[in-house]
Amino acid sequence: NFLKVHLCSYTRVIPSLPFSESSVFLPGVSASGMGLRLSQKFVFLLFLSGLVTLCFGALFFLPDSVRLKRIFLSKNENPAVTVGSDNELSKKVPGDPEHLRAGLKGGEGANVKLKVSRKPSVTHGARTVERSVGSRAQDERSPARAQEPAARDERVTSAAHNGERASAYSYEAFKKCLLKPALGKNKGTPSDSETLQRREKVKEMMKFAWDNYKRYAWGQNELRPLTRNGHIGNMFGGLRGASIVDSLDTLYIMGLMEEYEEAKEWVQNNLNLISNGEASLFEVNIRYVGGLLSAYYLTGAEIFKQKVVELGEKLLPAFNTPTGIPRGVINLGSGTSWSWGWASAGSSILAEFGTLHLEFLHLSQLSGNPLFTEKVMNIRKLLNKIEKPHGLYPNFLSPVSGNWVQHHVSIGGLGDSFYEYLIKSYLMSDKTDQEAKKMYYSAMEAIETNLVQKSPGGLTYVAEWRGGILDHKMGHLACFSGGMIGIGADDGPTEQRQHYLDLAAEITHTCHESYSPTKLGPEAFRFDAGAEATATRLSDRYYILRPEVIESYMYMWRLTHDPKYREWGWEAVEALEKHCRVDAGFSGIRDVYASTVSHDNMQQSFFLSETLKYLYLLFSDDDLLPLEDWVFNTEAHPLPVIRKTCLQEHGAKHDHGQTDLE
Ligand code: DMJ
C-alpha cells in the first residue's frame, strides 16, 4: 500500500517534470528539454537524484519475497530506517535528539518516518492471549509498528569466533555440577504397578502423537490430525519442524530412542536457520531455543549447541530499540522487528519480553558471549526501576519510551510467564539471583493484595485487573500459577511459606474444578453472575490440548505427594483419550461442554513438549529431572541450574559467559 500510494503520487508528479512533452511548469524550457539553462539542469538533476534515492529507499519496504528486493539487498543488510505509523516514535522523531540518538544506535542510518502496511502476524502469545482459535488478531489488519535499524554488535557477527567459544564449553564439566543424575537412578520408573501402567499409557500417547506427525506432517510445524496433513503457520518466521524440536527432550526422557534419533537427525540435516520470515520472538525462544538447549544439556550432542547459538544470534537484533525492550516480531533474515499489530500503540508484551531470561542466560553459558545475558539484564533493570501501579506489572510497555501503555494486569495471557521467569531465574541461579527473588515476591504480594479473590462458592482465583477494576475471570493459561506459587513457596518469607503452598493448592483445586464435565477445561472461566469456574461465553469453551492445569498437578505432586494430583492427572489422560484422540493423532476440541465433540484439527506442538511430558513426570519418581537441578522453561524444556562456582572449578564456564547476577 505504501508503494502504491507513494508511487502513485510520483506518477502524479512525473507529468509535470521538465522532460514531459506537455510541460508548461518551467518557463523557458523547451519540450525536448534541450534548451535548459545551467541552473535548471542543476535543479532537474537534483530532483532526479532525489527520486532515485527515494525509490531505492522504498525497496526496503517491499515484502521479503519480492525478487527486486532480493536482487538489490543482500539478506543480511538491515534497513537503516525506522518505520512508524501512529506510534510514539514517529511522533517524537522529528527534531527530538534523544530519539534520533536512540534510533541511530549501532551507528546505522537516520530515522525516516514512513507509513507501511503489512500482512497481519498472529501469535500464540506468551501464554499471551493465544490466538490460534477464534483469534482477534487473525482478523485484524493493523499497520506495522516501529522497526529499528538492526544494528549488528561486533560480538554477534563474529560467528566463527562464537563457534570456537561454543565448542570450548565442557559438557563433562557441566555434568559434574549436577547434584543428581538427570534421569534418576532408574529413569524415574515408579515402583507401584498402577502408576507404572499409567506412565506407560502416557508414553504410548506420545508415540501415537509422534508417529502420526511423522507420517502426515514430517518437517512441518504441526500435525492436522483430521485432514492428515501438516501445518506451518506464521509464528516461527519460516522455521520448520516445531513439533520435532519441541519433542526432542520428551522423546529422550521417555526412552523413545529410535524416535529421538530420527528427530536429532532431522535437526542435523534439515533444521534450516536461514529463514526470512516474520517470527514471534517469544515463540521461537521458548520452543526452538528452549527445545535445543534442553536437548543439548540432556544428551551432550554438539549439533544442538551449534544450532541453538546460531539461532540465538538471529534473535538479537530484536533488542535494537531505544530502550532495549525487544519488539514481538522479528524477521530472522533481515533482523528487522515490529510490534504486533494488535498490541496497543506499538507496545511490547510483558509475557513476551519477560520470558527470555532463562534461555538467554544459557545462550551466554554455551556460547561464551555475554551479549545474551546483557540483553535480558537490561530488560530486568528497566522493569525493576519503572514505577508500578499498586506494585503490579501491566501487560503492555512501549519499547520506545519504556512506559506502560495500558493498565491491564493479568497472571494469565499477556502477563503469565514473566512472573514464572522471575522465580525460575532465582532457582536457576542456584538461588543467588537476589534481584529476581525480590521482584518475584513483591509481585506476588501485589497480586495477592489486588487480584486474588474467593468466589461465593469458596474457590480461590486470580482475577484480572483493568486500571483498578476487577474482571472476575481466569484463563486456562493462568492455571500454571498453582505450580509456580508452589515452587516459590519454600523461598518466601518464613511466615508466608505455608500460606504460599496453601494458595498454590487452592488455585490448582480451582483449575481442576474448571475441568468439567468432560474433564477437560475451557480457555477461560468466570466467577461472576453465578458462575463458579465455568465458561459463560461460547467463545471461551474450547480446549487446545493445553498443559497448564496438568503442569500444576505435576508440581503439586512433587511438592506434597498428595495422591489426588495423580488421580486428577489420570482423569485428564482418560479425557484426552476419549475426546481428543482421533485416528491420526490428537486434536483440540471446540466446546468442552458439548456432548458431541467437535475437533479443531490441530495437534499443537506444546502437547508433545508440555502436556505429555508433565503427565509422564507426574507418574514418574521424583528423581527423573530432579527439581534441585532443573527448571522447566515455559514450554516445559528442562534447563539446568547454573552453579557458577562449581562450573568455574571444573572449567565448564567461559570467562565471557559470566552473568551479571551478583
Ligand atoms: C505454551 O506454548 C507455553 O506454555 C506458553 O507459555 C503458553 N502457551 C502454550 C501452552 O498453552
Side-chain angles (χ1 to χ4, degrees), residues 122-135 137 209 221-222 231 233 235-236 239 242-243 245-247 249-250 279-291 294 328 349-359 395 410-424 474-484 511 514-515 520-525 540 542-555 572 576 580 586-589 592 600 602-615 617 631-639:
V122 176
T123 184
H124 276 232
R127 276 195 196 101
T128 54
V129 178
E130 296 220 8
R131 299 178 190 281
S132 47
V133 179
S135 145
N221 285 329
E222 278 149 334
H231 172 253
M235 281 192 311
F236 307 118
L239 296 179
S243 289
V245 178
D246 247 356
S247 295
D249 52 11
T250 312
S280 156
L281 171 68
F282 164 81
E283 296 290 356
V284 169
N285 178 56
I286 66 168
R287 302 193 201 206
Y288 283 85
V289 176
S294 290
I349 312 296
L350 180 68
E352 293 198 332
F353 63 79
T355 307
L356 303 165
H357 205 96
L358 305 181
E359 296 82 0
N395 292 336
S410 154
I411 200 170
L414 304 172
D416 51 10
S417 40
F418 158 68
Y419 305 97
E420 175 185 355
Y421 271 36
L422 285 179
I423 185 64
K424 288 184 176 174
M474 234 179 121
H476 188 288
L477 294 165
C479 284
F480 86 100
S481 61
M484 175 187 75
C511 290
S514 79
Y515 267 43
L520 294 171
E523 180 66 3
F525 42 94
D540 285 338
Y542 61 90
Y543 171 69
I544 56 168
L545 305 174
R546 284 196 194 280
E548 290 76 16
V549 176
I550 292 164
E551 175 180 348
S552 286
Y553 296 164
M554 191 283 288
Y555 283 116
L576 285 165
C580 301
F586 286 90
S587 166
I589 60 175
V592 293
D600 71 6
M602 182 66 80
Q603 179 176 285
Q604 304 279 350
S605 81
F606 52 68
F607 180 64
L608 297 98
S609 96
E610 296 192 71
T611 313
L612 293 176
K613 187 187 287 131
Y614 284 133
L615 280 168
L617 292 172
V631 296
F632 292 87
N633 88 338
T634 195
E635 187 79 0
H637 294 304
L639 300 174

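In what follows, residues are counted from 1 in the order of the sequence shown. In each ligand, atom 1 is the first atom listed, and ligand 1 is the first ligand listed. Computed over heavy atoms, backbone and side chain alike; hydrogens, waters and symmetry mates excluded.
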Are the charged groups of Glu610 and Arg546 less than 4.0 angstrom apart, N to O? no

In ligand 1, the atoms that come under 4.0 Å of a heavy atom of Glu610 are 1 (C), 2 (O), 3 (C), 4 (O), 9 (C), 10 (C)

Heavy atoms only, cut-off 4.0 Å: how does Ile544 contact ligand 1, side chain, backbone, both, or neither? neither

Out of curiosity, is Gln604 lining ligand 1, as in a heavy atom under 4.0 Å away? no

Any idea how Tyr555 and Tyr614 line up, ring-wise: parallel (<30°), tilted (30 to 60°), or perpendicular (>60°)? tilted

About how many Å separate SG of Cys479 and OH of Tyr553, when rounded to the nearest 0.5 Å? 8.5 Å

Applying side chain to side chain donor-acceptor pair (under 3.5 Å), run through Ser243 and Ser605 and close with a yes or a no. CA-CA 5 Å; Ser243 289; Ser605 81; 4.9 Å; no

What about the rings of Tyr288 and His637, do their centers lie closer together than 6.0 Å? no

Near Arg287, which atoms of ligand 1 are under 4.0 Å from a heavy atom of that residue? 2 (O)

Ligand 1 versus His476, non-hydrogen atoms closer than 4.0 Å: side chain, backbone, both, neither? neither

Is Arg546 close to ligand 1, meaning an N/O of one under 3.5 Å from an N/O of the other? yes

Proximity of Ile286 to ligand 1 by residue part, where a heavy atom lies under 4.0 Å: side chain

Report the part of Pro547 in contact with ligand 1, treating N, CA, C, O as backbone and CB onward as side chain, heavy atoms under 4.0 Å; options are side chain, backbone, both, neither. side chain

Element-labelled atoms of ligand 1 that are located less than 4.0 Å from some non-hydrogen atom of Phe606: 1 (C), 2 (O), 9 (C), 10 (C)

Evaluation steps, side chain to side chain donor-acceptor pair (under 3.5 Å), between Glu548 and His476: CA-CA 7 Å; Glu548 290 76 16; His476 188 288; 3.1 Å; yes

Parallel, tilted or perpendicular: which fits the ring planes of Phe607 and Phe586, with parallel below 30° and perpendicular above 60°? tilted

